[in-house]
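Here's the structure we're looking at; comments come further down.
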Amino acid sequence: MSTNNAGFNTRAVHAGQAFEPRTGAVVPPLHFSSTYAQDGIGGLRDGYEYGRGGNPTRDALQEQLAALEGGTHAFSFSSGLAAEDSLIRAVARSGDHIVLGNDAYGGTYRLINRVLGEWGIGNTPVDMSNLEAVSAAVDENKTRIVWVETPSNPMMKITDIEALAKIAHDAGALLVVDNTFASPYLQTPLALGADVVVHSTTKYIGGHSDVVGGAIVVKDAELAEKIGFVQFAVGAVSGPMDAFLTTRGLKTLGVRMDRHSENAQAVAEWLQGRPEVEAVLYPGLPSHPGHELAAKQMKKFGGMISVQFKGGEAAARKVAESTTVFTLAESLGGIESLMNYPSEMTHASVKGTELAVPVNLIRLSCGIEDVEDLIADLAQAISNISG
Ligand SMILES: *Cc1c(COP(=O)(O)O)cnc(C)c1O
């Protein structure tokens, strides 16, 4: 069926997932073959030649991703950082410059600053939610990419994608949105003017904490050709099993995000009333500075919350190490609730830089469990903070 104009959940279930014609198998088969028989030299069947260049299971995922982000082309990679690396190599050269959020994912900053920086690509971290600061940081002669996460990780700042696209385009740069936290169910940056969406599909898209992957989605054929070339020439593609698991997860993204958002809203409201809590960073709270903007550009507010404690580092560490339903672990976006202490875990690589995360902050990835159990777990963990 053509699903282009169908609703989100219909596209999630059906895009790229046509049944197998020989047997009628409803789930398309998982193709492990690394190579494809040719009908005479150069006689390819459906364009398939060699697994790095093309694989039907990966293609099915790419079609599904493009349909959900409202793009024309999607590219699937072995990790989110592999996707980011291939994207930057496709569009930036030595001497070029990237403006990125000063609370970008630590691994993104490490890649841009410490790996690509060595190849002569410059960067300026800036508070993306401050559009004047972004305009000042963009250099029309050099800036090739403006890179934003909204909501950002872990400070949960909200940035106006439409306004940022204008700033980037006026300077001749591309706007790249890391849409990992929102997922395409809650936010579709390409429709708001962004040129590229990147994902760590490891998180909400895979959704079950059982596969590492990344993706790039675009809506421009020329850009797609450049990225497709790097995907093929560098080869950081997702394997067939990874692509299959990601596709399976992606089919239920909508129902999962509804529950993640509902649970996080209840947890955030509960946390806000606790005397031990200094601040709850969740865009679903009317007190959040980005609340109205988030309500405009997102369908719901997502499953991620950051919390800061009045008792400083000691209190944050105590809570992080006292939960039993929330598992202390890096990563996010799975069906199980996770707890993270960013300054020592996910964001240890930016310690001592201007991207450093406050030491009294913990980040929660609210899963799809019963919300009463999540709140009870946090209540007992917070009760361990000594006065
Ligand atoms: C995890 C993450 C990445 C990196 O993705 P990997 O799959 O771990 O390589 C990039 N951006 C954000 C926002 C992330 O959470």
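Numbering of ligands and ligand atoms starts at 1, following listing order. Just so we're clear, the structure is a prediction, and the values are computed from it rather than from any experiment. These numbers come from the heavy atoms of this one structure, side chains and all, not from hydrogens, waters or symmetry mates.
- Of all atoms in ligand 1, listed by their number and element, those nearer than 4.0 Å to a heavy atom of E84 are 10 (C), 11 (N).
- In terms of protein heavy-atom proximity, atom 4 (C) of ligand 1 is closest to Y105 CE2, 3.4 Å.
- Scanning all protein heavy atoms for the shortest distance to atom 1 (C) of ligand 1 gives K203 NZ, 1.4 Å.
- Interface of D178 with ligand 1, defined as ligand atoms under 4.0 Å from a residue heavy atom, comprises 10 (C), 11 (N), 12 (C), 13 (C).
- Taking every heavy atom of T202 and a limit of under 4.0 angstrom, the matching atoms of ligand 1 come to 7 (O).
- Those atoms of ligand 1 that come under 4.0 Å of a heavy atom in S79, given as number and element, are 7 (O), 9 (O).
- Close approach of ligand 1 to S200 (heavy-atom distance below 4.0 Å) involves ligand atoms 1 (C), 2 (C), 3 (C), 4 (C), 5 (O), 6 (P), 7 (O).
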- Task: Assess whether salt bridge (charged side-chain N to carboxylate O under 4.0 Å, His left out) is satisfied between E313 and R317, documenting all intermediate values.
- Result: CA-CA 6 Å; E313 176 171 358; R317 282 178 176 268; 2.8 Å; yes
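- Between Y204 and L253, the closest heavy-atom pair is O-CD1, 3.4 Å.
- In this structure, N179 contributes its side chain and A182 its backbone to no donor-acceptor pair below 3.5 Å.
- Polar contact check, E149 against ligand 1: no nitrogen or oxygen pair lies under 3.5 Å apart.
- Donor-acceptor pairing under 3.5 Å is recorded for the side chains of S337 and E369.
- Any N or O atom pair closer than 3.5 Å counts here, and T108 shares no such pair with ligand 1.
- Residue G213 approaches ligand 1 through these ligand atoms, each under 4.0 Å from one of its heavy atoms: 7 (O).
- Using a 4.0 Å cut-off between a side-chain N of Lys or Arg and a carboxylate O of Asp or Glu, E344 and K351 qualify as a salt bridge.
- The two atoms that bring L338 and L332 nearest to each other are CD1-N, 4.1 Å, heavy atoms only.
- Contacts of L81 with ligand 1, taken as heavy-atom pairs under 4.0 Å, involve both backbone and side chain.
- Remark: the backbone N or O of S129 is paired with a side-chain donor or acceptor of D127 at under 3.5 angstrom.
- Aromatic ring centroids of H291 and F301 lie under 6.0 Å apart.
- Inclusion of L332 in the set of residues having an N or O under 3.5 Å from an N or O of ligand 1 is not warranted.
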